[in-house]
Amino acid sequence: MMRIGVDVGGTNTDAVVMDGTKVLAGVKEATTPDVMSGVVSALKSVLAASGLDPEAIDVVMIGTTHFTNAVVQRRDLAQTAAVRLGLPATASLPPMVDWPEDLRSAIGNHAYLAHGGHEFDGRVISPLDEAELLGIAAEIKAKGIRSVAVTSVFSPVNTEFETQAGAIFEKALPGAHVTLSSDIGRIGLLERENAAVMNACLRDLSKLVIDAFRDALDACGVRGRFFLTQNDGTLMDAAYAERFPVLTFASGPTNSIRGAAFLSGVAEAIVVDIGGTTSDVGALHKGFPRQATVAIEVGGVRTNFRMPDVFSFGLGGGSLVVDGPGGVKVGPTSVGYKLTREALIFGGETLTTTDIAVAGGRAFLGDHKRVANLDRSLIARTEARIADMLETAVERSRLSPEPLPVIVVGGGSILVHDKIAGLEIVKPHHFAVANAVGAAIAQVSGEVDRVYSLTSLSRADAIGDAQRKATAVAVASGARAETIEVVDVEDVPLAYLPGNATRVRVKVVGDLHVA
């Protein structure tokens, strides 16, 4: 199967062509302000480098930061109605109660509480009131809102009320985007609701972005199926990504970690991905990124959908180097995709970490003569500062004193030339485009996270039921049933709930089925 993997970063857009497990070609192109022209350039370059006809490509996998950036920068967000089913419970904490004021204002701060919801064991809190929901729908329509997020208490246990409410809103608001929280988040109410609202406010943007990606592929003559990578290191097709844009959050670091595992053949390690602007450090467990066990903030909002446990900080190949009274400062400001114009070695006037690497004889690019006279003390102190930043980040990702290897990938990995925190360094072939490789090799996943009462069934039965449901999700998403394997099982007794309650989470992955 011929496939292309693309990863759109803040500095570079990387692309690879792979035949099965073999990397045929890999390229890096500068990310452009409009993003899409950079994607087209990367696609055309990697096809030329591989010597393949565009029509030979079966599948294209793309990782993008579009939707994360929209939330962080508070732009291109749709007015959204957040509807919670749970009255008379939960009224003390209204929807979006913990959001930053500027983000809440950006989407209009339209919050509604209605009757409905379930207890953890499926018992009804209060019956769904259709007339009440139709009244809310009328208000939403009067305000001209086209995006609605519906959240019901304990909907991952029983999705009935969310499904009914969603159907009511879709009928009353033709053409509106309706997001159900049970399709995205896990058990926790506020975090799951936040994820659903965030998804709803991105739905208009997601259509524009997905259509633009399709246009980019058409411009290059590529007719293969099109997928986006999501934040657990697996795939979703373009139509699914259009419905659930929040699932792309943090897909870039995830792609890098997966690509690092594939290229190095190492399944247990610390991965350091150094780009042009930032570095991402995460742990690799069984070939997949270790998942975060606490709520993750995106743009200042707590969410609880699956996210990799990644520490990001401002160190990259374009990071500015400033020597001041307090010593050398590296980053977090970066010249980003302007590196090839603004760095000293490329004829610019800005001292960057790449200039330091070239001046120290650690890398060979640009015009070495332009940094030949840099102060040797400055070079040494900058290298020491970079080493200290990397060591601090790696130590944050270690959960045990075991001497795991450190896999270093990304175009900015020229900044690493020695052990980090005393750990051996692995820099695999094609390290510079590991993120695009991670996108290209991505599999399809299925996950279930729900509460079971163990009064009528055993722990093994509960886990087995969750595994069957997760497998069904993966197959429905495009996985080949015979390749499904369980990669994560977690069961946690909930002592504060009656009925011997246990929370069970199961995740499975499988290879993509291509007709």
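Reckoned from all heavy atoms, side chains included, excluding hydrogens, waters and symmetry mates.
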Under 3.5 Å, side-chain donor or acceptor atoms of residues 210-219 against the rest of the protein: list the pairs with distances, not counting sequence neighbours.
{"unit_1": "D211", "atom_1": "OD1", "unit_2": "R214", "atom_2": "NH1", "d": "3.1"}
{"unit_1": "D211", "atom_1": "OD2", "unit_2": "K207", "atom_2": "NZ", "d": "3.2"}

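- Scored by the side-chain hydrogen bond (donor to acceptor under 3.5 Å, both in side chains) test, D488 finds R505 as partners (sequence neighbours excluded).
- Applying the salt bridge (charged side-chain N to carboxylate O under 4.0 Å, His left out) test to pairs two or more places apart or on separate chains, those with a residue in residues 63-76 are R74-D102.
- Remark: the backbone N or O of G316 is not paired with any side-chain donor or acceptor of T277 at under 3.5 angstrom.
- Heavy-atom contacts from other residues, nucleotides or ligands closer than 6.0 Å to CD of E395 number more than 12.
- Just one residue in the list T229, D14, D273 forms a side chain to side chain donor-acceptor pair (under 3.5 Å) with N435, and that residue is D14.
- Pairs of residues two or more places apart, or lying in two chains, that qualify as salt bridge (charged side-chain N to carboxylate O under 4.0 Å, His left out) and include a residue from residues 356-383 are D323-R381, R362-E383.
- Taking 4.5 Å as the limit, every side-chain heavy atom of R396 sits out of range of all side-chain heavy atoms of V281.
- Within the structure, the salt bridge (charged side-chain N to carboxylate O under 4.0 Å, His left out) test picks out no pair touching residues 247-261 (sequence neighbours left out).
- Ring-plane geometry between F313 and F311 is classed as parallel, the angle between the planes falling under 30 degrees on a 0 to 90 degree scale with a further cut at 60.
- The CG atom of D7 sits 6.0 Å away from atom OG of S256, with the distance rounded to the nearest 0.5 Å.
- Listed by chain and number, the residues in a side-chain hydrogen bond (donor to acceptor under 3.5 Å, both in side chains) with D53 amount to none (sequence neighbours excluded).
- Listed by chain and residue number, D355 satisfy the side-chain hydrogen bond (donor to acceptor under 3.5 Å, both in side chains) test with T352 (two or more places apart in sequence, or in another chain).
- Across every non-hydrogen atom of D511 and Q443, the tightest pair is OD1-NE2, 2.8 Å.
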| said: Using the rule given for side-chain hydrogen bond (donor to acceptor under 3.5 Å, both in side chains), can you reason through E29 versus S45, listing the C-alpha separation, both sets of side-chain angles and the distance that settles it, and then say yes or no? | reply: CA-CA 8 Å; E29 294 284 341; S45 295; 2.7 Å; yes
Identify every side-chain donor-acceptor pair in residues 409-426 under 3.5 Å, counting partners at least two apart or on other chains, and give the distances.
{"unit_1": "S413", "atom_1": "OG", "unit_2": "G410", "atom_2": "O", "d": "2.7"}
{"unit_1": "K419", "atom_1": "NZ", "unit_2": "E424", "atom_2": "OE2", "d": "3.0"}

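- In terms of the side-chain hydrogen bond (donor to acceptor under 3.5 Å, both in side chains) criterion, K44 has no residue partners (sequence neighbours excluded).
- Applying the salt bridge (charged side-chain N to carboxylate O under 4.0 Å, His left out) rule to pairs touching residues 427-443 yields nothing, sequence neighbours excluded.
- Scanning for side-chain contact (heavy atoms from CB on, under 4.5 Å) contacts around A466 gives V448, Y452, V504, V506, with sequence neighbours left out.
- For the ring pair (Phe, Tyr, Trp, His ring centres under 6.0 Å) test, no residue two or more places apart in sequence or in another chain qualifies with F346.
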